[in-house]
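Data first, discussion second: the structure below is written as structure tokens.
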Amino acid sequence: MRAVLLVLALLLSLAVPAAASGHLPKWEPTPTGVTAQFRGLSAVSARVAWVSGTKGTVLRTTDGGASWKSVGPPGAETLELRDIEAFDADHAVTLSIGPGTDSRVYRTDDGGAHWRQTFQNTDAAAFYDCLAFFDPWRGLAMSDPVDGKFRVQATFDGGRSWRQVPDSGFPPALPGEAGFAASGQCITTSGPFDAWLATGGGATARVLHSGDGGRHWTASDTPLPSSPSAGVFAVAFRSPAQGIAIGGDYANPTAPGPAVALTQDRGRTWRTPGQYPAGYRSGLAWRGGSVIAVGTGGSDYSPDGGRHWTSFDTGSFDSVDCAGAACWASGAQGRVARLSR
């Protein structure tokens with residue numbers, strides 16, 4: 001009988017999520033010395049990370065956040081650099097958002113010592129929100145819909161040049177539907193060909209999926225709320241099949257939700273887990289099989305792929321990114337932190 005009880009106790013202990021047993025992560029602030037709001041973030045390793053934000057600010061650390069160097073593009077002081085994708089300590093691509101010519105892409109090959117503008121939007125109806133890469137060569141940059149279709153630019157040379165994806169491969173956008181340039185995570189990739197776009201503002205919050213590198217897209221509804229200030233703000237995939245969408249309503253950040261949805265079929269269907277973070281969240285990252293979510297109301301940890309969540313920080317962050325086990329978060333007032341080892 002005692003042996004049976006011991007076995008039952010062991011099984012119960014294994015069924016309890018790690019967060020419930022007290023093993024929660026912790027953010028370690030890394031003072032940047034600036035007050036910019038960093039919605040763009042790219043984690044390269046435990047020592048190397050890049051952030052981008054207001055007033056054309058780009059910072060880079062190569063010593064785990066002990067020091068940060070300002071390496072932004074010259075002449076970009078009026079721009080909002082809402083997304084950055086870094087390949088290593090030297091090579092990175094950053095995106096500025098805004099209507100018309102404010103939407104631009106810059107690339108550096110020497111750690112930010114020099115930048116080259118490689119794209120500038122010329123369509124007054126377009127507004128670019130975020131970008132993502134499949135590998136160091138192929139990437140996509142997403143704009144809000146133009147003439148009823150989402151607009152995407154593609155690169156095949158690491159962001160050195162861009163060309164528009166034909167809109168014939170996109171389903172019609174819903175009235176009012178758009179992306180949210182809140183964390184640089186309204187577009188994501190997994191594997192060599194799969195990509196997803198996150199939307200809101202329409203009748204439903206949707207996720208668009210491409211299985212051929214961005215040429216053709218299909219749309220799926222999610223259970224997240226949708227309004228001009230609500231929808232899916234970030235999507236992240238552990239594999240081409242398993243992903244999470246997160247968001248909420250930035251105008252009502254304490255609304256109870258649900259603000260999380262899970263998929264196991266490449267985003268064809270989405271379901272709400274039994275437990276989810278309370279309130280608006282804008283950033284999301286996988287750390288192995290666990291998940292970190294951040295927003296203006298705090299940070300949350302899921303040890304089991306999004307099924308259970310525990311709050312572990314009440315500070316404000318806009319974005320989170322992980323490179324293996326090395327995770328970084330960024331937000332307003334120059335706030336950048338790394339996850340404790």
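Note that the structure is predicted; figures quoted are calculated from it, not measured.
- Listed for the T54 side chain is a donor-acceptor partner under 3.5 Å among the backbone atoms of Q37.
- In this structure, CG in L262 is found 11.0 Å from OG1 in T222, a value given to the nearest 0.5 Å.
- For the pair F312 and I292, the minimum side-chain heavy-atom distance is below 4.5 Å.
- Nearest heavy-atom pair across P277 and V260 is CD-CG2, 3.5 Å.
- Using bins of under 30°, 30° to 60° and over 60° for the plane-to-plane angle, the ring pair W196/F237 lands in the parallel bin.
- Cluster membership for Y301 and L339, using ILVMFWY side-chain heavy atoms within less than 4.5 angstrom, is shared.
- Of the possible donor and acceptor atoms, none in the side chain of S183 sits under 3.5 Å from a partner among the backbone N and O of S319.
- L131 and L140 are not part of a single hydrophobic cluster, where members link through side-chain heavy atoms under 4.5 Å apart.
- The minimum heavy-atom distance linking D300 with S311 is given by the pair OD1-CA, 3.5 Å.
- By the 4.5 Å heavy-atom criterion applied to side chains, W309 and S302 are counted as neighbours.
- Clustering ILVMFWY residues whenever any of their side-chain heavy atoms sit less than 4.5 angstrom apart, transitively, puts Y250 in a cluster other than the one holding F127.
- The main-chain N or O of F156 is never found under 3.5 Å from a side-chain atom of R163 such that the two would form a donor-acceptor pair.
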(request) Run the numbers on V165 and F170 for side-chain contact (heavy atoms from CB on, under 4.5 Å), then give the verdict. (result) CA-CA 9 Å; V165 176; F170 290 83; 3.9 Å; yes

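- Taking the side chain as every heavy atom from C-beta outward, T94 and W115 approach each other to under 4.5 Å.
- Just one of W27, F38, W328 meets the side chain to side chain contact (heavy atoms under 4.5 Å, CB included) condition when paired with F317; it is W27.
- Between the side chain of T263 and the main chain of T269, a donor-acceptor pair closer than 3.5 Å is present.
- V152 is listed as a side-chain neighbour of L197, based on a closest heavy-atom distance under 4.5 Å.
- When side chains are defined from C-beta on, V58 counts as touching P73, because their heavy atoms get closer than 4.5 Å.
- The CG atom of N121 lies 5.0 Å from the OG atom of S103; values are rounded to the nearest 0.5 Å.
- For CG of D110, the number of neighbouring non-hydrogen atoms (other residues, nucleotides, ligands) closer than 6.0 Å is greater than 12.
- Here the side chain of T155 pairs no donor or acceptor atom with the backbone of G139 at under 3.5 angstrom.
- By the criterion of side-chain heavy atoms lying less than 4.5 angstrom apart, applied directly or through intervening Ile, Leu, Val, Met, Phe, Trp or Tyr residues, V44 is grouped together with L81 in one hydrophobic cluster.
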(request) List the steps, then state whether side-chain contact (heavy atoms from CB on, under 4.5 Å) holds for Y280 with D249. (result) CA-CA 6 Å; Y280 160 73; D249 188 344; 5.8 Å; no

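- In terms of heavy-atom proximity, A251 sits nearest to S229 at CB-OG, 3.5 Å.
- Nearest heavy atom pair, residue V105 against residue L95, reads CG2-CD1, 3.8 Å.
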(message) For D194 and H209: C-alpha separation, side-chain torsions, deciding distance, then whether side-chain contact (heavy atoms from CB on, under 4.5 Å) applies.
(response) CA-CA 7 Å; D194 288 276; H209 170 244; 2.6 Å; yes

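- Here the shortest heavy-atom pairing between A245 and V235 reads CB-CG1, 3.9 Å.
- Between F150 and W217, the distance separating the two ring centers is not shorter than 6.0 angstrom.
- D167 is not listed as a side-chain neighbour of D147, based on a closest heavy-atom distance of 4.5 Å or more.
- Separation of atoms CD1 (I244) and CG (L284) is listed at 5.5 Å; rounding is to 0.5 Å.
- More than 12 heavy atoms of other residues, nucleotides or ligands shown are found within 6.0 angstrom of NZ on K149.
- R281 places no side-chain N or O within 3.5 Å of a backbone atom of I246 that could act as its donor or acceptor partner.
- Formation of a donor-acceptor pair under 3.5 Å by the Q153 side chain with backbone atoms of Q164 is found in this model.
- Nearest heavy atoms, S220 versus G267: OG-O, 3.0 Å.
- Here M142 contributes atom CE and R151 contributes atom CZ; the two are 13.0 Å apart, rounded to the nearest 0.5 Å.
- Between F87 and F133, the two ring planes are perpendicular [angle over 60°; tilted spans 30° to 60°].
- Checking side-chain atoms of S210 against main-chain N and O of H216 turns up a donor-acceptor pair under 3.5 Å.
- Comment: D157 does not engage R107 in a salt bridge, judged by the lack of any side-chain N to carboxylate O separation of less than 4.0 angstrom.
- A donor-acceptor pair under 3.5 Å is absent between the side-chain atoms of T189 and the main chain of A132, judged by distance alone.
- Side-chain contact annotation: T30 with W68, donor-acceptor N/O pair under 3.5 Å present.
- Expressed to the nearest 0.5 Å, how far OG1 of T101 lies from CG of L79 amounts to 9.0 Å.
- When side chains are defined from C-beta on, D144 counts as touching D129, because their heavy atoms get closer than 4.5 Å.
- Cluster annotation: V207 and L224 are assigned to the same hydrophobic cluster (Ile/Leu/Val/Met/Phe/Trp/Tyr, side-chain heavy-atom contacts under 4.5 Å, transitive).
- The side-chain heavy atoms of R116 and R160, taken from C-beta on, include a pair separated by under 4.5 Å.
- Without hydrogens or angle criteria, S96 side chain to D102 main chain gives a donor-acceptor distance under 3.5 Å.
- Atom-to-atom distance recorded for E177:CD and L208:CG is 6.5 Å, nearest 0.5 angstrom.
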(message) Set out, in order, the CA-CA distance, both residues' side-chain angles and the distance that settles side-chain contact (heavy atoms from CB on, under 4.5 Å) for V291 and W286, then state yes or no.
(response) CA-CA 5 Å; V291 188; W286 287 89; 3.7 Å; yes

